[in-house]
Amino acid sequence: MYRQLQRHLIQHIRSFLQAKYQLELDNIVVEQPPKIEFGEFALPLCFELARRLRKAPRKIAEEIVAELPPLDGFQAFEVAGGGYINARINRGRAAALVVEAQADMASAGQAGKILVEHTSINPNKAAHIGHLRNSILGDTFVRLLRSAGREVDVQNYIDNTGVQVADVVAGFVHLEKKSKAEIEKIMASTSKFDYYCWDLYAKVSQWYGEDKANLQVRLDTLHAIEHGGNELADIADLISTAVLLRHLETMERLGIEYDFLPRESEILHLNFWSTAFEQLKEKKVLYFETEGKNNGCWVMTRPGSEGSAEGPDEDAKVIVRSNGTVGYVGKDIAYHLWKFGLLGRDFGYKRFYRYPNGQDVWISTSPEDDELNHPHFGSVSEIYNVIDARQSEPQETVKEALRLLGATEQAEHYTHFSYEMVALTPRCALELGYEVSEEDQQKSYIEVSGRKGFGVKADDLLDKLILAAKAEVDSRHPELSDEERLAIARQIAIGALRYFMLKFTKQSVIAFDFREALAFEGETGPYAQYAVVRATNIFRKAGTTAEEILKDSADLSPYLEGETGTEIWALWLLAGQASTLIDQCIATTEPAYLAKYAFQLAQQFNNFYHRHHILTEADEGRKRFLLTTAAVVRRELIRVLAVMGITVPPVM
RNA sequence: GGGAGCGUAGCUCAGGUGGAUAGAGCAUCUGCCUUCUAAGCAGAGGGUCGCAGGUUCGAGUCCUGCCGCUCCUACCA
């Protein structure tokens, strides 16, 4: 409702300004007045006009208000403050729009498929809370896009041939002296092979520090894996596939699913790089350095730098080393050319995993294993890479390479969805039994490190949340079966976790603390879920449903006037802004706004719930109005929570 | 050295392209369960928006300079 009316208002003002002053404003700012009594929209444009028209803002506002023609759906335009123009909408009409919800549905899907890449955890250890932030942000953004009618493919990039996997392979083979068969036995004996690798990974990192020769083992292992077709590569494939499956299971617990898993092994073996290298050389994006410290390397000038006037550009980014091997940025350039359909090559595809709903996850594979009738991923028009802020430099390099290759359009639709890391508070680290140095104890947070085995595992946190929620549900609903209570506890735990990860803005480091993450009160997911449950209870006790109430609505305008009416109208207005918020979250790639909105809507509903007792209302018309109010808020709250991947239990 | 970001209540954080009296949650204190579930509601205290200048009708927001903190800046991935 709000989004639609706002568009009409801007259009109306624009054409009026053109007719009256021959003014063409490309950006008409619309705000919401600080108080609902002032109306629904506030236009500060007269302050801007004051300079151009050389008149006092208030004077201009009076002039405009006096001559502005009426607009359908709007009741009045008024001058306020030092020169604001406030607009009042017709409450009854607007409320009817909210009830219908038709006009507010996402604008017809724009053309062009979008690719969102998120999660991309190295398949050598269990997922931790930092990975959770990535996946939850990415998954929520996917849901935002889909709710706006966009077609989205979700990719989870698997670096199955990198050093991190090599580290664990070296750990199994050299530290634990395990054969492939013995590793397979370990896998079969545990349901959490990723946990086993977590500990081993930490041990290996320490082992490297003990002897320089061990570092050579690491390098040799890496090279064997990259080359492929040997025992170590087979073991790497075995381990990385097993850990990847664990990651999919962990994410599935949170309702996070993928469409395609491109692997680095295919990027290597299908020679994506050599094709990209030809293009990069031909377009002179890379040049061969013949002197200085980068002598013998293929390098790229850094974005923003003009290179040095004389002598070699020592600051240039090395893409191909002097020994002829390519770094990961090079492989990433090739991969991104593929994403936009500019590489001229494709992966092989095979099915890897099937979700309970029948949806398949595909994985990249060699041409021999390519399944018939597979879907094609890639060749999209827009991409979003959910990758933490530390990688912004390489991300810029890839984008710059696209630009220099002439793919300017694609580079513009390349978005690094950047976010800050999750760290642990020193208190939390101590609680977990880690040794914390004096120096670290003084810090406000300590960075999580998979290499040191320092962090909170995703599955552990979720288990802890479920346990805490279960205890609450047990005490509140002894009449339910254990199975039912567990199902509810799971929904609450997921709601708490997803909301927690979304409530912070992306650029804020989350200093993780169990006390806050395990909270179910205040600004949390369960708070919003509870508001919906309360609304549901009203309809159940009234012997009807919210859907039924919304089917036929009378004229609500009589109940939206006066002091009480205005107070309830504020709730309607907020409920009518869901689509505005979804648009805003997409435009700014910031899901936190939606979390904030959901909380505010729940908060205002709880307030309404407390002040207006619906079932004992004697006036039938008024009772009907209050029920409609609850039904509308409930529907929008459920819708917004669903975009955040949060479902609502039947009772709490 | 260069680049990016951050600094707002005791703590954790919001504060679209400058706009009306700087807001939440937690914590502390005071009330409210015979009512549609108290995972809730109402209220109180708590602020030199890091510091100093500048831009203008107007600055937490923009510019400059300081102070403090973090990350990036390898022929590792």
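Proteins get letters first, then strands, A, B, ... in listed order; numbering begins at 1 in each.
- In this structure, A:R427 atom CZ and B:A27 atom P are separated by 12 Å, rounded to whole Å.
- With the nearest nucleotide of RNA chain B identified for both A:N295 and A:T505, A:T505 has the one nearer the 5' end.
- Of all nucleotides listed (B:C75, B:U73, B:C36), B:U73 comes nearest to the side chain of A:R302.
- Rounded to an integer number of Å, the gap from CD of A:Q600 to C1' of B:G25 is 12 Å.
- In this structure, the side chain of A:R498 does not engage the main chain of A:L641 through any donor-acceptor pair within 3.5 Å.
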Side-chain polar contacts of residues 327-334 of chain A - donor-acceptor pairs under 3.5 angstrom, sequence neighbours left out - could you list them?
from: A:Y328; atom 1: OH; to: A:Q391; atom 2: OE1; distance (Å): 3.1

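- Rounded to the nearest Å, the gap between the P atom of B:U61 and that of B:A9 is 15 Å.
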inquiry  = Walk me through whether A:L215 and A:L219 qualify under side-chain contact (heavy atoms from CB on, under 4.5 Å).
reply    = CA-CA 6 Å; A:L215 283 170; A:L219 212 58; over 6 Å; no
Would you tabulate the pairs of protein nitrogen or oxygen atoms and nucleotide nitrogen or oxygen atoms of nucleotides 55-60 of chain B closer than 3.5 angstrom?
none

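- Taking atom CD on A:E314 and atom C1' on B:G1, their separation rounds to 15 Å, with Å as the unit.
- Counting non-hydrogen atoms under 4.0 angstrom, A:K293 reaches a base of the nucleic acid.
- Base contact: A:S322 has a heavy atom under 4.0 Å from a base atom.
- The 12-atom threshold is exceeded at NE2 of A:H477, counting heavy atoms of other residues, nucleotides or ligands nearer than 6.0 Å.
- Distance A:I387 CD1 to B:C72 P: 15 Å, rounded to the nearest Å.
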Identify the pairs formed between an N or O of the protein and an N or O of nucleotides 4-10 of chain B at a distance under 3.5 Å, and give each distance.
none

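- Among the protein residues, A:S444 comes within range of no part of the nucleic acid, since none of its heavy atoms lies under 4.0 Å from any strand.
- In terms of position along RNA chain B, the nucleotide closest to A:H613 lies nearer the 5' end than the nucleotide closest to the other residue of the pair A:Y328 and A:H613.
- Regarding A:D313, its CG atom lies at a distance of 17 Å from the P atom of B:U73, rounded to whole Å.
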Whether each nucleotide of nucleotides 37-47 of chain B has a protein heavy atom under 4.0 Å at its base (B), only at its sugar-phosphate (S) or at neither (-) is summarised, 5' to 3', as BSBSSS-----
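- Between the A:Y201 side chain and the A:N124 main chain, no donor and acceptor come within less than 3.5 Å of each other.
- Annotation: ring-ring contact (aromatic ring centres under 6.0 Å, His included) contacts of A:F504 (sequence neighbours excluded): A:F500.
- One C1' atom belongs to B:C67, the other to B:U21, and the distance between them is 32 Å to the nearest Å.
- Remark: aromatic rings of A:F272 and A:Y335 are distant, center separation not under 6.0 Å.
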List every contact pair, protein side and nucleotides 20-23 of chain B side both N or O, where the distance is under 3.5 Å.
from: B:A20; atom 1: N6; to: A:N86; atom 2: OD1; distance (Å): 3.1
from: B:U21; atom 1: O4; to: A:K35; atom 2: NZ; distance (Å): 3.1

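- At distances below 3.5 Å, not a single donor-acceptor pair connects side-chain atoms of A:D159 with backbone N or O atoms of A:N122.
- Taking atom CG of residue A:D315 and atom P of nucleotide B:U73, one finds them 12 Å apart after rounding to whole Å.
- When distances run from any side-chain atom of A:N294 to the nucleotides B:C72, B:G15, B:C75, the shortest one goes to B:C75.
- For the pair A:M421 CE and B:C71 C1', the computed distance is 7 Å after rounding to whole Å.
- Phosphate proximity of B:G3 to A:R390: absent, as no side-chain N or O sits under 4.0 Å from OP1 or OP2.
- In this entry the base of B:C33 is syn relative to its sugar, with a glycosidic angle within 90° of 0.
- Of the candidate nucleotides B:U73, B:C26, B:A24, B:A24 has the atom nearest to the side chain of A:E523.
- Annotated as syn: B:G16, whose O4'-C1'-N torsion sits within 90° of 0.
- Side-chain atoms of A:R634 never come within 3.5 Å of backbone atoms of A:T629 as a donor-acceptor pair (strictly under, hydrogens ignored).
- Between the P atom of B:C75 and the OH atom of A:Y287 lies a distance of 13 Å, rounded to the nearest Å.
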Quick one, A:R58 with A:E62, criterion salt bridge (Lys or Arg N to Asp or Glu O under 4.0 Å). Give me CA distance, side-chain angles, the key distance, then yes/no.
CA-CA 6 Å; A:R58 201 176 160 92; A:E62 279 162 5; 3.4 Å; yes
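- In this structure, A:E479 places its CD atom where more than 12 heavy-atom neighbours from other residues, nucleotides or ligands lie under 6.0 Å away.
- Contacts of A:Y445 classified as ring-ring contact (aromatic ring centres under 6.0 Å, His included), with partners at least two apart in sequence or in another chain: none.
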Using atom types as modelled, flag every donor-acceptor pair under 3.5 Å from a side chain in residues 601-609 of chain A to any protein atom, sequence neighbours excluded.
from: A:N606; atom 1: OD1; to: A:R534; atom 2: NH1; distance (Å): 2.7
from: A:N606; atom 1: ND2; to: A:Y527; atom 2: OH; distance (Å): 3.1

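- Residues forming a side-chain contact (heavy atoms from CB on, under 4.5 Å) with A:R390 (at least two apart in sequence, or on another chain): A:D388, A:M421, A:E447.
- Between the side chains of A:S120 and A:E117, a donor-acceptor pair is found at a separation under 3.5 Å.
- The same atom, C1', is picked in B:G68 and in B:G50; the two are 8 Å apart, to the nearest Å.
- Residue-level contact check: A:D159 touches the backbone only, with heavy atoms under 4.0 Å from sugar-phosphate atoms and none from bases.
- In this view, A:F38 satisfies the ring-ring contact (aromatic ring centres under 6.0 Å, His included) rule with no residue, not counting sequence neighbours.
- With C1' as the reference atom, B:A59 and B:A4 are 24 Å apart, rounded to whole Å.
- Base pairing in RNA chain B yields stems of at least 3 consecutive Watson-Crick or G-U pairs, both distances under 3.5 Å, namely B:1-7 with B:67-73, B:10-13 with B:23-26, B:28-32 with B:40-44, B:50-54 with B:62-66.
- Contact check, A:Y593 against B:G15: a side-chain N or O comes under 4.0 Å of OP1 or OP2.
- Between the side chains of A:E314 and A:N294, no donor-acceptor pair is found at a separation under 3.5 Å.
- By the ring-ring contact (aromatic ring centres under 6.0 Å, His included) test, A:Y530 is found to be paired with no residue, residues two or more places apart in sequence or in another chain being considered.
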